[in-house]
Amino acid sequence: MPVPALALPSIREICPLPPIRSRIYPVSPPTLGAPGPSHLGIRERSTHSLGAPPSPSPPRSSVPHPRRAFVFAARVGYTHRSHFKILTSQRGKIVDRATMPDSTSTPLAPRVRFAPSPTGFLHVGSARTFIFNWLFARHNHGTMILRLDDTDVERNTDVSVRSIFDGLHWLGLNWDEEYKQSDRLALHQQAAQDLFAKGLAYRDFTPAHSGDDNQSSAQGAWLFNPGMRELSREESDRRAASGESFALRYRVPRGLKSGVARILSFVDGVYGAQSKAADEVEDFALLRSDGMPTYHLASCADDAALNISHIIRGQDHLTNTYKHLLIFEGLGATAPHFAHLPLLVAPDGAKLSKRKHGPVVSVTTYRDSGFLPAAFINFLCLLGWSPKNDLEFMPLEQIAALFTLEGVNRANAVVNFTDADPFDPKAVWLNAEHIRSLPVEKLASEIAPFFAEAGYNATPEKIAAITPLIRERIKLLREAIGAADFFFLEELAPYDPAELIPPKGGDAAMARRVLSHALEVLPAVTFDHDSLDKALREAAATLGLKAGPMFQPIRVAVCGRKNAPPLFETMTVLGRDVCLNRIRQAIEKLESLG
RNA sequence: GGCGCUAUCGUCUAGGGGUUAGGACGUGAGAUUCUCAAUCUUAAAACCCGGGUUCGAUUCCCGGUAGCGCUACCA
């Protein structure tokens, strides 16, 4: 199926790409007299087996990032750089998030990223996150970045990567920069070393837990492995040097004992002011024992390196944000803005998941059933976001014009599918609306692949003729196959001859009279709407019938079913020969009724 | 268990100290029509519970409850 081009100007055209600035780690050479460049003990073996490309370590820059000029918050907890001002708060909600005018620097265009992990098909929740990021970038003339978060070698697959790109391409939304985390391992490991060198991370030689062991967390002993956190540097180095494997953990500040609790806080673009005591955050892993970075580390290191300005992601990351704040701080980087999106959940309330809900959550299911990308996007946007003006049906351009984080809701949204119907009725309705709003030629080209797939001999001319007849009758493009089958079939599918009998008191004899008379009249009629209209109404008058009883037998004879597009247009497309033929066949069928 | 987030018709949502609580999908009824569809009209349908604050809370505050998320060397 051809990828429908949405013909949107790329964000790049609107906002030329600024030169990519280099990483902004403070230059902090390892000073602890650690043994060599891999004083962390990241073993060669692991690096090799991972096939880490010899990507050059990122160029360093001592030039402060321009955005640092925006830093204004005090170092109480983590400081959230913000050029937003908070005027009032209602229900804890930030009411005014208008951009604060800044006299010293011009506001930078936002840089946002969508960072899927290629562990399955693209699912609707991810698609929505992508769309919201795209919309935000588009609305603010910023840059959209696609980054494959593929640090979990165990679970990543090429199939998944392809599937994600398929889905994204189908949506027709473009991005300006593209990265792959696995290409950036050097950066991540540099970040890990950085953190370790600063004493913000420690080696944990405890063997990895089996996943379902949450005994310790139930006891509240989950915060850290006491023995490991306090291990002396010498001891730690010695064990690492001896080849003992370890994970690297963040040394989260513990203040409860000393009575100086560190409060981590940030202002979420959707959920407003957030804060949490650092003592509630566990010593999370930065590096696995195979030397691979965890999601938290890789993601933050990359976000910092790529100068991401706004992280817009699922609400499932809301509490992870505190960890990320710690990492950004440890790296000496300014944290981006965060905005979390309410989750998409199934009717049973559970987060939409590939495992539990199957293909109904896959973007390709929507595509293959005949959703228009614009309709799909429209539907997804309405889940957790509102333009607040009673608008429902919206073209993409309008959504982009209207989209703001203020319009994002905070409660999870249910995608209302059932076992019988994988699609939310509203999605289907929106699709029908979008179908009807499409110019006929455009719709014809959208439908064509479905006809081809069904094996119909569909010429462009024929499709063009049929499209206007079915466009108000289909809600999904795929339905065109069933709605227009009789235009293509040589032989009509068998139907019950009783259907030829006119409704409301008609009988077989009446049906026979109608069809026979039609057979006499039709050869002399020009097959276009007006001529057929005139001829058949006259025929009805001749037989002393109303239009209904006259048209119905002909409709069934010609289409093979009771419900079909308007008669005259249909007959025009079918042509005289086919119509006469089918009417003759119908008369024969009638004989069987006696 | 701990921590966090959330709570308006069946679903998506608007609203907000005094409203007939608005819209949309879906559902029911009717109109129109050559059938179906589309279209139009119309009906039923909601502020989780309990306390405060207030002349007045669905709205603000607190508590409860419920749901969800995080609590992995997953992302």
Side-chain angles (χ1 to χ4, degrees), chain A residues 90-91 115-119 149-152 154-156 204 206-214 217-220 222-223 245-249 268 271 274-277 279-282 284-296 298-299 313-323 340 342-343 345 347 349-351 379 382-393 409-416 424-430 432 436 470-475 483 503 533 536-537 540 546-552 554-556 559 561-568:
Chain A
Q90 245 182 36
R91 253 167 77 189
S117 125
T119 56
D149 277 8
D150 56 352
T151 53
D152 186 356
E154 303 273 312
R155 305 198 308 159
N156 294 333
D204 180 354
T206 317
H209 289 338
S210 59
D212 42 28
D213 168 27
N214 49 4
S217 54
Q219 306 307 313
W222 47 275
L223 288 172
S245 81
F246 62 86
L248 190 73
R249 288 183 181 279
D268 190 275
Y271 289 90
Q274 303 290 312
S275 64
K276 182 175 182 169
D279 293 84
E280 298 288 349
V281 179
E282 73 278 12
F284 55 95
L286 261 12
L287 245 32
R288 305 190 186 100
S289 45
D290 64 1
M292 287 294 282
T294 60
Y295 159 76
H296 299 302
S299 167
R313 66 207 332 181
Q315 197 242 41
D316 45 349
H317 283 298
L318 190 63
T319 41
N320 282 335
T321 304
Y322 299 103
K323 297 170 195 165
H340 290 88
L343 264 19
V345 298
K351 176 172 143 183
F379 169 65
L382 258 17
L383 255 24
W385 173 75
S386 163
K388 299 184 188 290
N389 56 5
D390 288 348
L391 240 33
E392 306 273 345
F393 169 82
N409 197 266
R410 283 179 288 191
N412 291 167
V414 174
V415 180
N416 203 11
D424 190 310
K426 193 157 192 169
V428 175
W429 169 76
L430 274 168
R436 289 194 290 267
I470 58 173
R471 79 168 188 165
E472 284 185 350
R473 271 157 266 266
I474 58 174
K475 293 180 187 305
D533 189 333
L536 290 176
R537 284 185 199 279
K546 286 177 137 183
M550 179 73 201
F551 296 167
Q552 194 62 9
I554 301 176
R555 183 194 326 281
V556 175
C559 302
R561 67 171 101 112
K562 285 179 175 170
N563 299 336
L567 227 209
F568 313 133

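Computation of the quantities below employed the complete heavy-atom set of this structure, encompassing side-chain atoms and omitting hydrogens, waters and symmetry-equivalent molecules. Letters go in sequence order (proteins before strands), and every chain restarts at 1.
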Which residues share a salt bridge (Lys or Arg N to Asp or Glu O under 4.0 Å) with A:D424, sequence neighbours left out = none

task = Look at all strands and tell whether A:T151 reaches a base, only sugar-phosphate, or nothing, counting heavy atoms closer than 4.0 Å.
result = sugar-phosphate

What pairs of nitrogen or oxygen atoms, one from the protein and one from nucleotides 37-40 of chain B, lie under 3.5 Å apart?
{"from": "B:A37", "atom 1": "O2'", "to": "A:E472", "atom 2": "O", "distance (Å)": "2.0"}
{"from": "B:A38", "atom 1": "OP1", "to": "A:K475", "atom 2": "NZ", "distance (Å)": "3.3"}

request  = Between B:G22 and B:A43, how far apart are the P atoms? Round to whole Å, please.
outcome  = 12 Å

Separation of the C1' atoms in B:A46 and B:U20, to the nearest angstrom = 15 Å

query = NA contact type, A:P549, heavy-atom cut-off 4.0 Å: base, sugar-phosphate, or nothing?
reply = nothing

message = From NE2 of A:H317 over to P of B:A72, roughly how many Å is that when rounded to an integer?
response = 15 Å

task = Identify whether any heavy atom of A:S117 sits under 4.0 Å from a base atom; if not, whether one sits that close to sugar-phosphate; answer base, sugar-phosphate or nothing.
result = sugar-phosphate

query = Considering only heavy atoms and no angle criterion, is a donor-acceptor pair shorter than 3.5 Å present between the side chain of A:S289 and the base of B:C73?
reply = yes

key: Rounded distance (Å) that lies between atom P of B:C34 and atom CG of A:N563   = 15 Å

inquiry  = Tell me which nucleotide, if any, is Watson-Crick or G-U wobble paired with B:G28 when both distances must be under 3.5 Å.
reply    = B:U42

query = Choosing from B:C73, B:C5, B:C34, which nucleotide comes nearest the side chain of A:A208?
reply = B:C73

Candidates B:G69, B:U71, B:C34 - which lies nearest the side chain of A:K323 = B:U71

Paired nucleotide for B:C73 [Watson-Crick or G-U wobble; both distances under 3.5 Å] = none

remark   = One should read off an interatomic distance between A:H317 NE2 and A:K323 NZ, to the nearest 0.5 angstrom, of 10.0 Å

request  = Mind calculating the distance between CG (A:L391) and P (B:C25) to the nearest angstrom?
outcome  = 13 Å

message = side chain to side chain contact (heavy atoms under 4.5 Å, CB included), that's the test. Do A:Q274 and A:T321 meet it? Break it down for me.
response = CA-CA 10 Å; A:Q274 303 290 312; A:T321 304; over 6 Å; no

task = Check the pair A:N412 / A:K351 against side chain to side chain contact (heavy atoms under 4.5 Å, CB included), numbers first and verdict last.
result = CA-CA 9 Å; A:N412 291 167; A:K351 176 172 143 183; over 6 Å; no

Separation of the P atoms in B:G52 and B:U6, to the nearest angstrom = 25 Å

inquiry  = Just the rounded figure in Å: distance from C1' of B:C36 to CD of A:Q552.
reply    = 9 Å

message = I want to check something: taking the side chain as every heavy atom from C-beta on, are A:R436 and A:F393 in contact at a cut-off of under 4.5 Å?
response = no

inquiry  = Contact between A:Y271 and A:P342 at the side-chain level, heavy atoms closer than 4.5 Å - yes or no?
reply    = yes

request  = Send over the distance from A:D390 CG to B:G22 P, rounded to a whole Å.
outcome  = 11 Å

query = What integer distance in Å separates A:F551:CZ from B:C34:P?
reply = 8 Å

task = Let me see the working for A:T294 and A:L287 under side chain to side chain contact (heavy atoms under 4.5 Å, CB included), right down to the final yes or no.
result = CA-CA 6 Å; A:T294 60; A:L287 245 32; over 6 Å; no

query = Between atom CE of A:M550 and atom CG of A:L536, what is the distance when rounded to the nearest 0.5 Å?
reply = 5.5 Å

task = Using the C1' atom on both, measure B:U33 against B:C40 and round to a whole Å.
result = 13 Å

ask   = Taking only residues two or more places apart in sequence, or in another chain, which ones meet A:F551 in a ring-ring contact (aromatic ring centres under 6.0 Å, His included)?
value = A:F568

inquiry  = Roughly how many Å apart are B:C48 and B:A44, using the C1' atom of each and rounding to a whole number?
reply    = 22 Å

message = Restricting to ring-ring contact (aromatic ring centres under 6.0 Å, His included), what partner residues turn up for A:H296, sequence neighbours left out?
response = A:F284, A:H324

query = If you measure from the Lys or Arg side-chain nitrogens to the Asp or Glu carboxylate oxygens, is any gap between A:R249 and A:E282 under 4.0 Å?
reply = no

message = Contact between A:W429 and A:E392 at the side-chain level, heavy atoms closer than 4.5 Å - yes or no?
response = yes

Nucleotide forming a Watson-Crick or wobble pair with B:C47, both distances under 3.5 Å = none

inquiry  = Can you measure A:Y271 atom OH to B:G69 atom P for me and round it to whole angstrom units?
reply    = 12 Å

key: Rounded distance in Å between the P positions of B:U59 and B:G51   = 13 Å

Kindly give the atom pairs (protein nitrogen or oxygen, nucleotide nitrogen or oxygen) under 3.5 Å for nucleotides 10-13 of chain B.
{"from": "B:U11", "atom 1": "O4'", "to": "A:N416", "atom 2": "ND2", "distance (Å)": "3.4"}
{"from": "B:C12", "atom 1": "OP1", "to": "A:V414", "atom 2": "N", "distance (Å)": "2.9"}
{"from": "B:C12", "atom 1": "O2'", "to": "A:L382", "atom 2": "O", "distance (Å)": "2.6"}
{"from": "B:C12", "atom 1": "O2", "to": "A:K426", "atom 2": "NZ", "distance (Å)": "3.1"}
{"from": "B:U13", "atom 1": "OP1", "to": "A:G384", "atom 2": "N", "distance (Å)": "2.4"}

Which pairs, protein N/O on one side and nucleotides 42-48 of chain B N/O on the other, fall under 3.5 Å?
none

task = For A:T294 and for A:K276, locate the closest nucleotide of RNA chain B by heavy-atom distance; then report the residue assigned to the nucleotide nearer the 5' terminus.
result = A:K276

inquiry  = Expressed as a whole number of angstroms, how long is the span from A:K351:NZ to B:G69:P?
reply    = 7 Å

message = Closest-nucleotide mapping onto RNA chain B: is A:N389 or A:Q274 further toward the 5' terminus? I mean the 5' end.
response = A:Q274

note = Here the gap from A:L567 atom CG to A:D533 atom CG, rounded to the nearest 0.5 Å, amounts to 10.0 Å

query = If the C1' atom of B:U8 is compared with that of B:G67, how far apart are they to the nearest Å?
reply = 16 Å

ask   = Quantified in whole Å, what is the P atom distance between nucleotide B:C36 and nucleotide B:A31?
value = 13 Å

message = Checking base pairs now: Watson-Crick or wobble, both atom distances under 3.5 Å. What partners B:G18?
response = B:C55

ask   = Considering every strand shown, what is the Watson-Crick or G-U wobble mate of B:U65 when both distances are under 3.5 Å?
value = B:A7

inquiry  = Checking the side chain of A:D268 only, and the main-chain atoms of A:H340 only, is there a donor and an acceptor separated by less than 3.5 Å?
reply    = yes

ask   = Is A:R410 near enough to B:A7 that one of its side-chain N or O atoms lies under 4.0 angstrom from OP1 or OP2?
value = no

